[in-house]
Student: 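The structure's right below; bear with me while I get my questions together.
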Protein chains: 2
Amino acid sequence: MCTCLSSVQAGILNAVTSSRPDLAAMIGPLGRTLFALEAPILDAHGLAMWAYAVLLNLDDEPVRTQTALAEAIGADKTRIIKILDDLTARGLIERRPDPTDRRARLLSLTAEGRRLRDATQAAIQAAEEELLSRLTPAERETFLQALQKLL
Amino acid sequence: MCTCLSSVQAGILNAVTSSRPDLAAMIGPLGRTLFALEAPILDAHGLAMWAYAVLLNLDDEPVRTQTALAEAIGADKTRIIKILDDLTARGLIERRPDPTDRRARLLSLTAEGRRLRDATQAAIQAAEEELLSRLTPAERETFLQALQKLL
DNA sequence: TATTGTTATACTCTATAACTATA
DNA sequence: TATAGTTATAGAGTATAACAATA
């Protein structure tokens, strides 16, 4: 799976020195933990991480340009092309030229793509729930809210 | 700075489908945000990310083997060697053979290394505080507690 | 034989630049 | 001229394997 998110930002760990550890020193390792958690699930569903990211960001909106999609998932536009090729070949997404601007490609999920995405996400979130079960319901809610605020 | 952590695990973003986004879809981008936040600070202090991670994990314990240190920061043992070489050459850490096992190297911070580490960490945490200011004090406390629980 | 540190090699990931086709 | 998509190339980052020294 993604060895990167990880890899790069992941290396910063606890400081024993200060009153609190660096935020990045906690987010990084947590990201790696999640990555390790999801890797086998994605693998079982036949999806690489970036492919899953693509499926996640494709929803009912039939529109969008590849560059915008790449930017949305934090990737380079050149990086997702082979991923899109593969997803298209597998019938999970559809890529057709925009009638109003034939340079652009309109991206959309196929029914099968949606099915695979939802099944994969259900499995991933189930695994995440196991981790989140360490928190009390109140903590859990505040934690998730805070995360969204920080984005 | 680290383009990797980020890079790899970072790509998963919001799902519009489910009741909550994937945890990884929030942790990843947050990690990238933090990475972008810290990169200029680390650069200004003359530290690469892994070098900073090394300094953070070296404290008063004068002991430890390189392999253990590498594992602690989530790196490969072969990956930190050049980093340790550089830190040693700059007088920020000390690396001396363990008298009881001459295969191993005892790693420790120098006074200057500690000074640089603390100054860098202060700057980084100050930047992080700015981000955390989006949270209420209660949210902030719960969020940080929850993070530590999840590690 | 196993382990620490090291080096060298190969592999993956990522970004850069250059090309095409449209506009 | 500028933009969307694509391709090819080069670079950075990472892991694998092999080596020397010590246990």
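These numbers come from a predicted model, not from an experiment. Chain naming here is simple, since letters A, B, ... match the order of the sequence lines and numbering starts at 1 in each.
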Student: Does C:dG5 have its OP1 or OP2 closer than 4.0 Å to a side-chain nitrogen or oxygen of B:Thr65?
Tutor: yes
Student: What is the distance, rounded to the nearest whole Å, between atom NZ of A:Lys82 and atom C1' of D:dT6?
Tutor: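 Roughly 11 Å, once rounded to whole Å.
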Student: Do B:Arg20 and A:Gln148 have a side chain donor and acceptor closer than 3.5 Å?
Tutor: no
Student: Between P on D:dT3 and CZ on A:Arg105, what's the gap in Å once rounded to a whole number?
Tutor: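 Interatomic distance, CZ of A:Arg105 to P of D:dT3: 18 Å.
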Student: Given atom CZ of A:Arg64 and atom P of D:dA4, what is their separation to the nearest angstrom?
Tutor: 15 Å
Student: For B:Leu150, is there any backbone N or O sitting under 3.5 Å from a side-chain donor or acceptor partner on A:Arg134?
Tutor: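 Side chain of A:Arg134 to backbone of B:Leu150: a pair is present.
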Student: How about B:Asn57 and B:Tyr52: does a side-chain donor come under 3.5 Å of a side-chain acceptor?
Tutor: no
Student: Atom CD of residue position A:Glu141 - does it have more than 12 heavy atoms of other residues, nucleotides or ligands inside 6.0 Å?
Tutor: no
Student: Between the protein and nucleotides 18-20 of chain C, list the N/O to N/O atom pairs that are separated by less than 3.5 angstrom.
Tutor:
none

Student: What is the distance, to the nearest angstrom, from the CD1 atom on B:Ile80 to the C1' atom on D:dA15?
Tutor: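 Whole-Å distance recorded here is 15 Å.
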Student: Taking atom NZ as the centre, does A:Lys82 end up with more than 12 heavy-atom neighbours from other residues, nucleotides or ligands that are less than 6.0 angstrom away?
Tutor: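 Open: at most 12 neighbouring heavy atoms sit under 6.0 Å from NZ of A:Lys82.
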Student: Give the rounded distance in Å between these two atoms: CD of B:Glu71 and C1' of D:dA15.
Tutor: 15 Å
Student: Considering residues, nucleotides and ligands other than B:Glu129, do more than 12 of their heavy atoms fall under 6.0 Å from its CD?
Tutor: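 Yes - once you tally the heavy atoms of other residues, nucleotides and ligands closer than 6.0 Å, there are more than 12.
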Student: Could you state the atom-to-atom distance from CG of A:Leu69 to C1' of D:dT3 in whole Å?
Tutor: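 From A:Leu69 CG to D:dT3 C1': 17 Å.
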Student: OP1 or OP2 of D:dT6 less than 4.0 angstrom from a side-chain nitrogen or oxygen of A:Arg79, does that happen here?
Tutor: no
Student: Is a donor on one side and an acceptor on the other found under 3.5 Å between the side chain of A:Glu128 and the backbone of A:Gln125?
Tutor: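 The answer is no, because no donor-acceptor pair under 3.5 Å joins these two groups.
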Student: Starting from C1' on C:dT6, measure out to CD on B:Gln66 and report it in whole angstrom.
Tutor: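 Nearest whole value for this atom pair: 9 Å.
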Student: Looking at CG of A:Leu106 and OG1 of A:Thr100, how far apart are the two atoms once the value is rounded to the nearest 0.5 Å?
Tutor: 7.5 Å
Student: Out of the candidates B:Ile73, B:Asp85, B:Leu87, B:Leu107, only one should pair with B:Ile80 under the side chain to side chain contact (heavy atoms under 4.5 Å, CB included) rule; please name it.
Tutor: B:Ile73
Student: Can you measure B:Ile73 atom CD1 to D:dT14 atom C1' for me and round it to whole angstrom units?
Tutor: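 Rounding to the nearest Å, CD1 of B:Ile73 and C1' of D:dT14 are 13 Å apart.
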Student: So does A:Trp50 get a side-chain nitrogen or oxygen closer than 4.0 Å to the phosphate oxygens (OP1/OP2) of C:dT14?
Tutor: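 Result: yes.
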Student: Mind listing the N/O atom pairs, protein and nucleotides 19-23 of chain D, below 3.5 Å?
Tutor:
| from | atom 1 | to | atom 2 | distance (Å) |
| --- | --- | --- | --- | --- |
| D:dA23 | OP1 | B:Arg102 | N | 2.9 |

Student: Which nucleotide in the list D:dT6, C:dT16, D:dA15 gets nearest to the side chain of B:Asp76?
Tutor: D:dA15
